Structure formats: C-alpha cells, structure tokens
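Comments concern the structure below.
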Amino acid sequence: MDFKNIEKKWQDFWDNTKVFEAKTNGDKKPYYILVEFPYPSGSGLHVGHVRSYTAQDALARMKRMQGYNVLYPMGWDAFGSPAEQYAIKNHIHPKDAVKENIKTFKGQMKSLGFSFDWSREFSTTDPEYYKWTQWQFLQFYKHNMAYKATIPVNWCPTCKSVLSNEDAAGGVCERCGDSVVQKEKSQWMLKMSEYAEDLLTGLDDTNFAERVKLGQINWIGKSTGVELDVDIVGGGKFSVFTTCIETVYGITFFVIAPDGKLIKELMPRVENKEEVENYIKETAKKSNMDRTELNKGKTGVKIKGIKAINPINGKEVPIFLGDFVLGDYGTGAVMAVPTHDQRDFEYATEHNLEMIQVIDGASVEEKAFEKHDYLGKGCKLMNSAEFDGLTVEEAKPAITKKLVDLGIAREVNNYKMRDWIFSRQRFWGEPIPMIYCEKCGWVPMDEKDLPLLLPDVAEYEPTDNGESPLAKITDWVNTTCPKCHGAAKRETDTMPNWAGSSWYFLRFMDACNDKEFASMDAMKYWNRVDWYNGGMEHTARHLLYARFWVQFLYNIGLVPNKEMIWTRVSHGMVLGSNNEKMSKSKGNVINPDDIVNEYGADTLRIYEMFMGDYTSDAPWSTDSLKGCKRFLDKVVRLQSKLNDSDEFTSSLESIQHKTIKKVTNDLQTMAYNTAVSALMILTNAYEDAQSISKKDYELLLTLLNPIAPHVTEELNEQLGFKPICESTWPEYDEAKTIDKEITIGVQVNGKLRGSINIELDEAEDSVKEKALAEENVKKHTEGLQIIKVIVVKNKIVNIVVK
RNA sequence: GCCCAAGUGGCGGAACAGGUAGACGCACAGGACUUAAAAUCCUGCGGGCUUUAAAACCCGUGCCGGUUCAAGUCCGGCCUUGGGCACCA
C-alpha cells in the first residue's frame, strides 16, 4: 500500500469536510483537550512534539467517537527572545521569520494527521491577539496589580535583557548561557505574590498530577512562622522572620542583607564605613545564585558601633552584614542561632562568635542541632528562662504568645514566590501600553486605541545600554498624554513571552471574537480545559503564571471559573538513541519529516506511542520503529483473510471485548504503550484465525484509528463502511472479557511448584483438591505435614508444609 | 542541603489492588520459502545446573535488613541516575 497517497488523501478529506472543527454549541458534551502550543523555532517540529500531539490526538479522536464535542486546538507562541535571536542571526525581520516557521510547523503537523481544529488557529504575535494581551495588562494596571519598581534584577550582558529569577536559574542566562550579573533597573511588576495563598488553595480545585501539584507548591514555598521586631541600641528597629521561634533565647547575632534598605539607614552610625561599603560593592557584583551557593565560605563583615537587642531577654548582640541574606526576600534580615542552624554555626565559627544551646538532646560542639533533628522527638528547652523544660512543641506556641502579647511579634506566612518581573528590554514582544507624561506620570493607553502595534522597522537588534530597541524609534516613542494631551513618551519595554501563553487557552474557546478576548458565553460553554498536556519543565513557571492570570481575571469577573484547567499531565522527553537529550551538537537529532517520508505518519505515530511509558523519557530507536511498520503491514495483510460473514467471529469474541476494554481505558490513562500492545495481540489473534469477517476487521481498524488514522480509514473504506472519524467508538461487554476457565499457580511454601486449570469462581474445596493432586506439588508435599492451604480465589494456591 | 521521580533480560518496556516476574516489541540465533536477496513464516531467546531429550532443581526486579503463607509491589536503612529548588531564615 502506498502510504504517501493514502495519507495525503485522508488529510485532504479531513480538511475539506471540516470534521474536526468544534462548534461552540449543540447537545453533545463539550470536552477540551489542550497541548502546549509550540514556539515555532527555526529547526522545525521535534519528534518530542510528535509524541505529545499524537497522544492527545488519539484521546481527541476517541472522545469524538464516544460522542463528545471535542475542542483540540493549535496555535503559536511566537513572541520572545528565541524568535528574536533567530531573526537577528538569519538577518530577517522576526515577523517574517515567524511566518516562515509557522508555515513549516503547520505543514509538518498536517503531514502527521493531527485532528486540530485549524479554524481557531492564531499566533500570540497577531495584533488581533496581542491586542487582548495588552488589554488584560491594562486591567492588571487598573486594578492596582501592576506597578513600576526599581529593583536589583538579573541582567544578562550578552542578551542585554533582564531575566526573571526563573529564567536566570543557576546564575546563567537561560537563553544564551552566559553568566548573569545584578543590576538596578526600573521594571514593570505584576503583584503575583498577593495571589500566593490563592494559587496554593486553588490546587484543590484541579486534578493536576501529583508531581505537578508538588512542583507548584514548592515554587510558592509557603512557610509559617513569626515575624519579630528587633530594637537597635540607640534607636531604630528592624524585623526578622523565623520558623524556629523556639530558639529565640539562642540568638547571639543578627545578619542583615548588604543590598537591603536597613543598612542604608544605619550607615551614618556605622564605625567601619569603608569596610561595610566595600562589602556592599562586592555583593553587588554577585548574582543571587552565587550568594546563596551552599558550598562557599560564609563571607560577611561586622557592623561596628551598632548592636541589636534580643527582644525576649534584652541581651545585646552584634549585627553582621552577610551576602547570603537577600534584600528582597523575607524582611532582609535574619536572627542567628548558631547552635541550632548549621549555616549560623559555620558563620559563628568563622567569625568566632558566642553560641548558646537552647534545645537539649544532642551535642552542639561539632555541628548545629537542627530542627529536622529535634522536631517531634520530645526535646526540651534549656537556657530559655521560664520556658526551660518545655518541649519544643509546647514552647513554640508559648513563646509566640508571649511575644505577640508584648506587641513585638506577629504570626505570619511567608512565601518564596515573588512578584512577576514583567518587562523585557526587547523588540519582539507585546509593547506595554503605557505612556509616561512629565505632568501626569504613568498613564495607561485608552483601551479603544489598542492594539499598540509594534512598529514595522528594520532595526530590531538590541542596544548596548540596556534600552529596548524600541527606544531608538523616536516616531513611535513620542506621543501625547491620553490625560492632558501634552507631549509624552511610550514605554519601550515589551512583555515577557510568558504573557501570551498565560491566557491562550481562553482565546481558543472563542478565537475569532473581535469584541472581547473571549465571550463569557463561550467560556461557560467550554467551562475549562479538561485535559492539558505539557512538559514537566513548564509545571512551575508557565502553569503558575497561567493560573495567576486566570485567577485575576476571575476576581474581576471576566472568566467563569477561578481555575480554568482541570487535569494537567506531562509527557517524557524523546531522547536520542544514545540516551542523551537530542541536540545538533550531539548529532542525535531525528527529523520527523524524514521518518514520515520513509515509513509514513502512521508508523511514526504508533512508534511514539509504543516506545515506552508516556510520562517517562524514552530513547529513540529506528529498529523499534521498523517493528511498528511491520505491525501496520500485518494489519494491511489481514485483508487477504476476509470471509463472507456479516457477523463477528465467535471464537474471537473474548479477545475482542478484552481489547476494546484495554484500549478504551489505556487511551484515557496515558497508557498508550499497552494500548498498542493490546492491538498487536488482537492482530496476532486475527492472523492465527482461519479467516475473519468484515466486522472483525472493522473493529480492529476502529480501535487502531486514534493512533494510526490514515491507513485505518483507507482499509475501512475498502470494506465499504462510512469513515471511522464519523462513526461510534465500540463498547465492550464486561462479561465477555472474563474467561470461564483459568490457569492458576500452585505454590508450596511460597515457591511455585505447578499450575492447575480451574473454572472461574470454582469452589475452594475443589481447587484445594486439584492443587494437592498436582504431580509436582505431590512431590513437594509427600511425607510432610500440611499446616494450611491458602486459596486466593481465581489467583493462586499456596500450601504451607513442615 | 532540601523536594520529586526512577533503578526489572542484550535493548525499549509489561505486571490492575501483595498472588504464576519478563506481556508486547526490538535485537540476536537456527530453520522454511527463494537461483539469490528482500519480504514473509516457523522455532528458540534472564542466568545457572543437569540431560540424548524433556521434566525437575537453584539463583534472579540497584544494595542490606524486615513484615507476610506469599514482596518488583509494603516498611526501615543505604547506593546510583534523572529532574526541580536552593544559605528560604
């Protein structure tokens, strides 16, 4: 069979009949399946894309046949620096590069036969789309959720752009790999930290995979503790946050952040100004990653001339500057208890500071006795005045109460998650629709003037001074203030690439709407994303940003649910045949086009579903791929076994019902590899049969269709049936999946010694009799005393002898 | 350092809920068909041991212990690999 012609024929059929276009109405139950829309890179579709798109395509095709109104859309996440880098490198406008890449991607997707609803296609770079991204930013601004702040930020000197902490992981720029330095920069921020608690509790209204939920929980990083006010000798005060208030009597010093506000205030009173200032300068050169690196020496300087007072007992202790304390996390100051915190212990040892043990139970000579070692073990307090003798668990609330009653402490929740840095000094992003007027300050653009288009210019290379390329385009920058109509300037920063992807799934519900980002009716109809598939690498950032965005829209009444994504699952990567990540430099990249050309789309689809556990990484193997081609050929060859019967072959009934059950369940539990396996087993059974009927064949083709849609449609058409994509998914009879006669094992003392055939649910006595009569079992029980015989119904018999 | 996964034949992987470990496929080997090759079909395929052959037997799911009539699966303690976060106070 010529798979090339067949594939083209059916792809055209699907296009022309528009069978996969979802209508936002009707009697059928809606079902929304979403895969992360790709960033259309210059290197084309990756075999990794094929894995997840095929998986969700199989689910979509089955759900449609089961009578659901399935929405399975596709679009393009085309803003962001990768697109810009690509464009710069290849000397073409990002807009043209994106257009070109989208064309390639779309062609590749079509060649794989994905059942996307192309009528809802869009790119985040379409003005009709980013108009609404800008509009939503204005809502953030109008609801006091967006603000400008001058903060130390991660600066990539190579990309000339500020990166969020997320993007600067490991102290290197995620995009270019060069090291990141710290720089003060005025940035637009979104108040994401205000949503920390809601983002945490909202997880209860989702069906995310457990590991995905955990990823989010860890990212939000909630900790409950006490914020304690600390007075400074001679005036002034600061606060510290601690989760270990029980160690408060053990404080022997405080450490404050070199980049915080406090040290600036204290400066006039500092005796060793030069030393302190040098240390601040040194710190500014380091990234947060370097500063918080665990295995480096604990640097710091003592702030001479200033002491703090331990609020619980009035003890005066020194204050240090230490770069491991971050100015923008917590209160920018920490209390140090060297006996019960290893980091403090090392710091104290290095700077020769006092140590007071306050929790009994282990020696603190060599190392600190930390909370994970003393919590929950009934350890008691010591050197802690009236709290001596209380257990840690008793002391925690008691000390907290005393401090709270004194009005110098508060029970608080602290979150690791910070506000979202929303500006990028880049050309290829959504322009931020804000105008700066000398008189009025920052003024939002009038909503009816949106979209604010990116200017169509030739120069989009970054500037050296850290300004966005847009800053050079004076025609564009100079405008009038919407408020006072005086001369004003536009914001030249653009939005991060996370912006467009934070709400694209809402747009798919109503993609052509030019009055709203999506109508409430359409969103109510689709309700939410039922099934969202993406990579594990996006579970922290993209998914959190998207949930934050949705929760905000919900709070201002623009979306129907606080959580718009129900199930989130993640796929494993397709690795190179050497078990390493595919990359050009390693020369292990497989181009899906080559595979489609040589083996056909159906073979590639089957192979990627069969290659292993869908949620785990799996290495590429062209040999295994060939095996899947052989399987398909076998299915085609079954044509020669067709008989004239109009009925199912009765001898195949049991395996047919088993296969329907297995495939139906497996496709909705991501067990694609065992679904393929079950279909292979059914095919082998057909092959072994004398002959098969058209109905037998049709059943196999229907079950295989979600994974291999082209060849199955063709074979089915040749049988004279209507297209599979317009038919109904088969149902199984549970009774027919159960064998009446089964073989079970017989063990003697837990070791398998034989097996017996029994009837399903056969009486225990009868099974026992058969087991004891089995030849080899007899050999192992002869002359021994039978203590007991355990019969597990329909499973196993175990004879215990002595 | 913390958090999350995962370790099963030569390979990818099966094993629902503690109940016959290795489904399905790949690779390999032998055979059939063929002038030959490809394709296809048949047989074998964890290791050991024994045997003319078969059966039987012993070992075996990263390592060490434990619970149980029974452990890949549960518990305790390690080791290794992958991923995430990070002096988080």
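From a predicted model like this one, the values you see are computed outputs, not experimental measurements. A, B, ... follow the sequence lines: proteins, then strands. Residue 1 opens every chain.
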### Query
Across the strands shown, which category fits E775(A) at heavy-atom distances under 4.0 angstrom: base, sugar-phosphate, nothing?
nothing
### Query
Reckon L625(A) touches a base, only the sugar-phosphate, or nothing at all at heavy-atom distances under 4.0 Å?
nothing
### Task
Give one of base, sugar-phosphate or nothing for D617(A), where a contact means two heavy atoms less than 4.0 Å apart.
sugar-phosphate
#### Entry: Sugar-phosphate only, base, or nothing, as touched by N684(A) at under 4.0 Å among non-hydrogen atoms
sugar-phosphate
### Query
Rounded to the nearest Å, what distance is computed from the CZ atom of residue F320(A) to the P atom of nucleotide rA89(B)?
22 Å
### Message
Looking at S223(A), I'd like to know whether one of its side-chain N or O atoms comes within less than 4.0 Å of OP1 or OP2 on rA89(B).
### Response
yes
### Query
Roughly, in whole Å, what's the span from CD in E687(A) to C1' in rC24(B)?
14 Å
### Query
Which listed nucleotide (rG19(B), rA56(B), rC85(B)) is nearest to the side chain of W219(A)?
rC85(B)
### Message
Check the phosphate of rC26(B) against R630(A), side-chain N and O only, distance under 4.0 Å to OP1 or OP2. Yes or no?
### Response
yes
### Query
Does N749(A) put a side-chain nitrogen or oxygen below 4.0 Å from OP1 or OP2 of rA70(B)?
no
### Query
How would you label the contact of G627(A) with the nucleic acid (heavy atoms, under 4.0 Å): base, sugar-phosphate, or nothing?
sugar-phosphate
### R753(A) vs rC57(B): side-chain N/O to OP1/OP2 distance below 4.0 Å
yes
### Summary
Per atom distances to the P619(A) side chain, the nearest of rG12(B), rA89(B), rC3(B) is rG12(B)
### Task
Look at all strands and tell whether D613(A) reaches a base, only sugar-phosphate, or nothing, counting heavy atoms closer than 4.0 Å.
sugar-phosphate
### Query
Taking OP1 and OP2 of rC57(B), is either one under 4.0 Å from a side-chain nitrogen or oxygen of H780(A)?
yes
### Query
Which part of the nucleic acid, if any, lies within contact of I790(A), taking any heavy atom under 4.0 Å across all strands shown: a base, the sugar-phosphate backbone alone, or nothing?
base
### Message
Considering every strand and a 4.0 Å limit on heavy-atom distances, what is the contact class for S621(A): base, sugar-phosphate, or nothing?
### Response
nothing
### Task
For rU68(B), take OP1 and OP2 only and decide whether either is under 4.0 Å from a side-chain N or O of N798(A).
no
### Query
For T743(A), which contact category applies under a 4.0 Å heavy-atom criterion: base, sugar-phosphate, or nothing?
base
### Query
Can you name the closest pair of heavy atoms from S570(A) and V212(A) and give their distance?
OG-CG2, 4.5 Å
### Query
Knowing that exactly one of E775(A), E764(A), E762(A), E759(A) qualifies, which makes a salt bridge (Lys or Arg N to Asp or Glu O under 4.0 Å) with K770(A)?
E762(A)
### Task
Select base, sugar-phosphate, or nothing to describe what V792(A) touches, counting heavy atoms under 4.0 Å on all strands.
base
### Task
Classify the nucleic acid contact of N776(A) as base, sugar-phosphate or nothing, counting any heavy atom under 4.0 Å across all strands shown.
sugar-phosphate
### Query
Under 4.0 angstrom, heavy atoms only, what part of the nucleic acid is K751(A) near: base, sugar-phosphate, or nothing?
sugar-phosphate
